[in-house]
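Quick caveat: nothing in here was measured; it's all calculated off a predicted structure. The chains referred to below are lettered A, B, ... by the order of the sequence lines, with proteins before strands, and numbering in each begins at 1.
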Amino acid sequence: MDKVFAIPLPGFVDWLLAYLGKYAAQVLGSYMASLILLVAIIWLSLWRAARTKRALAQAEARAGGRV
Amino acid sequence: MSVWEYANPKRFMDTSARVLPWLAALAALCLITGLIWGFFFTPDDFRQGSTVRIIYLHVPAAMMAINAWVMMLVASLIWLIRRHHVSALAARAAAPVGLTFTLIALITGAFWGQPMWGTWWAWDPRLTSFLILFLFYLGYIALWSAIEDSDAAADLTSVLCMVGSVFALLSRYAVNFWNQGLHQGASLSLDKEENVADVFWVPLLVCIAGFVLLFVTLVLIRTRTEIRARRLQHLLLRERMQ
C-alpha cells in the first residue's frame with residue numbers, strides 16, 4: 001500500500017539534483033525566479049484587466065444612456 | 001485598409017479580442033515546449049556544464065527587454081507625431097512587461113555569472129547599460145503614475161522613452177562598442193559560424209518565439225485595460241460633475 005501512495009516527488013528532486021550536477025542551485029534558482037516573475041506579471045495583468053472591466057461595466061450601467 | 005484604423009479604440013478592442021485567445025495559446029505552447037525541451041532534452045555544455053540551460057530564459061528575456069523598449073519608442077513617436085491615444089496607452093502597457101523581462105535577464109545573468117565568471121555582478125558595459133535600462137523602466141512607469149493629465153504624461157514619458165533608447169541600444173551593442181568586459185558577444189547570429197550549437201539553438205528559438213508571443217499577448221491585454229481605464233476615468237469624472 002505504501003508503494004501505491006508513495007509520492008515520487010523526493011525521487012524526482014534527487015534525480016533533478018543529480019541531473020544538473022554541481023550547478024543545480026544556480027540553474028534551479030534561475031528557473032524559479034523567472035517563473036515567479038512571469039507568473040506575477042501574467043496574474044497582475046489579468047487581475048487588473050478583470051477589475052477594470054468590472055468597474056467600467058458598473059459605471060456604464062449607472063450612466064445608462066446618458067453617455 | 002490602413003494600419004491607422006487600429007488607432008480607433010473600438011476597432012482595436014474588437015480586433016484584439018479576436019486574436020488574443022490564439023496568441024495566448026500559441027505563447028503558452030511555445031514557452032512550455034521550448035523550456036521543457038531545453039531543460040530536459042538538451043545535453044550539458046562541455047565547458048559550462050548544466051548552466052547552459054539558463055540560456056533558454058536569459059537570452060529571450062534580454063532580447064525582449066530591449067525590444068520592448070524599442071516598441072515603446074515607436075509607439076511614443078506615433079503619439080508625438082500623430083497624437084493617437086491608443087499608441088500612447090500601448091507604450092504605457094508595455095513598460096511593466098519590459099521591466100519584468102529586464103529583471104529576469106538581470107537575475108538569470110547573475111545566476112549564470114556566478115559559476116562561470118566567479119561573480120554575481122561586474123560593472124561590465126553590457127551589464128551596466130542593462131541596469132540603467134532597468135532604472136529607466138522604473139522611471140518611465142513612475143512618471144506615468146505621477147502626472148494626472150494623461151496627455152501631458154504621454155508627452156513627458158515619450159521624451160523619457162527617447163532618452164532611454166540610447167541605453168536600450170547600448171545594452172544591445174555594448175560588447176561591440178567597448179570590446180571589453182566579461183560578457184561575450186551575440187549568441188545568435190545570421191552568420192552561422194557565430195551561433196551556438198544546433199542542439200541548443202533550436203529550443204532557444206522556440207523559447208524566443210514564446211517570449212515574443214507572451215510579450216504581444218500581455219501588451220494587448222494591458223492596452224485593452226488602459227483603454228477601459230481611461231473610459232472609466234471619463235465616466236467617473238462625469239458622475240462627479242453632475
*Audit row: B:Phe101, A:Leu38, side chain to side chain contact (heavy atoms under 4.5 Å, CB included) steps and yes/no*: CA-CA 8 Å; B:Phe101 288 155; A:Leu38 287 176; 3.8 Å; yes
In terms of heavy-atom contacts, B:Pro96 and A:Ile41 come closest through O-CD1, 3.8 Å
On a heavy-atom basis, the closest approach of B:Ser50 and A:Val27 is O-CG2, 3.4 Å
Exercise. Hey, are B:Glu226 and A:Arg48 close enough for a salt bridge, meaning a charged N less than 4.0 Å from a carboxylate O?
Worked result: yes
Output for pair (B:Gln114 CD, A:Gln26 CD), nearest 0.5 Å, gives 5.0 Å
The test is side chain to side chain contact (heavy atoms under 4.5 Å, CB included); show your working for B:Asp44 and A:Tyr19 and say whether it passes.
CA-CA 10 Å; B:Asp44 286 358; A:Tyr19 174 66; 5.8 Å; no
Most heavy-atom pairs under 4.5 Å with chain A, out of B:Gln233, B:Arg53, B:Arg224, belong to B:Arg53
> With under 30° as parallel and over 60° as perpendicular, where do the rings of A:Phe12 and B:Phe40 fit, or are they tilted in between?
Replying inline: tilted
[X] versus chain B, heavy atoms under 4.5 Å apart: side chain, backbone, both or neither?
X: A:Ala49; value: both
X: A:Ile36; value: neither
X: A:Lys53; value: both

Within a strict 4.5 Å, meaning less than it, do heavy atoms of the [X] and [Y] side chains meet?
X: A:Trp47; Y: B:Thr225; result: no
X: B:Ile107; Y: A:Ser30; result: no
X: B:Thr108; Y: A:Tyr31; result: no

request  = Please answer whether the main-chain N or O of B:Gln48 pairs with a side-chain N or O of A:Tyr23 as donor and acceptor at a distance below 3.5 Å.
outcome  = no
So, the part of B:Leu236 with a heavy atom under 4.5 Å from chain A: the answer is side chain
Q | side chain to side chain contact (heavy atoms under 4.5 Å, CB included) assessment of A:Ile42 paired with B:Leu214 | A | CA-CA 9 Å; A:Ile42 292 168; B:Leu214 178 65; 3.9 Å; yes
- [ ] Decide side chain to side chain contact (heavy atoms under 4.5 Å, CB included) for A:Thr52 and B:Arg231; before the verdict, give the C-alpha distance in whole Å, the side-chain angles of both, and the deciding distance to 0.1 Å.
- [x] CA-CA 10 Å; A:Thr52 311; B:Arg231 166 115 177 111; over 6 Å; no
More than 12 heavy atoms of other groups within 6.0 Å of B:Trp120 CH2: yes
Margin query: Between A:Ser45 and B:Arg222, is there a side-chain donor-acceptor contact under 3.5 Å, judged purely by atom types and distance?
Written below: yes
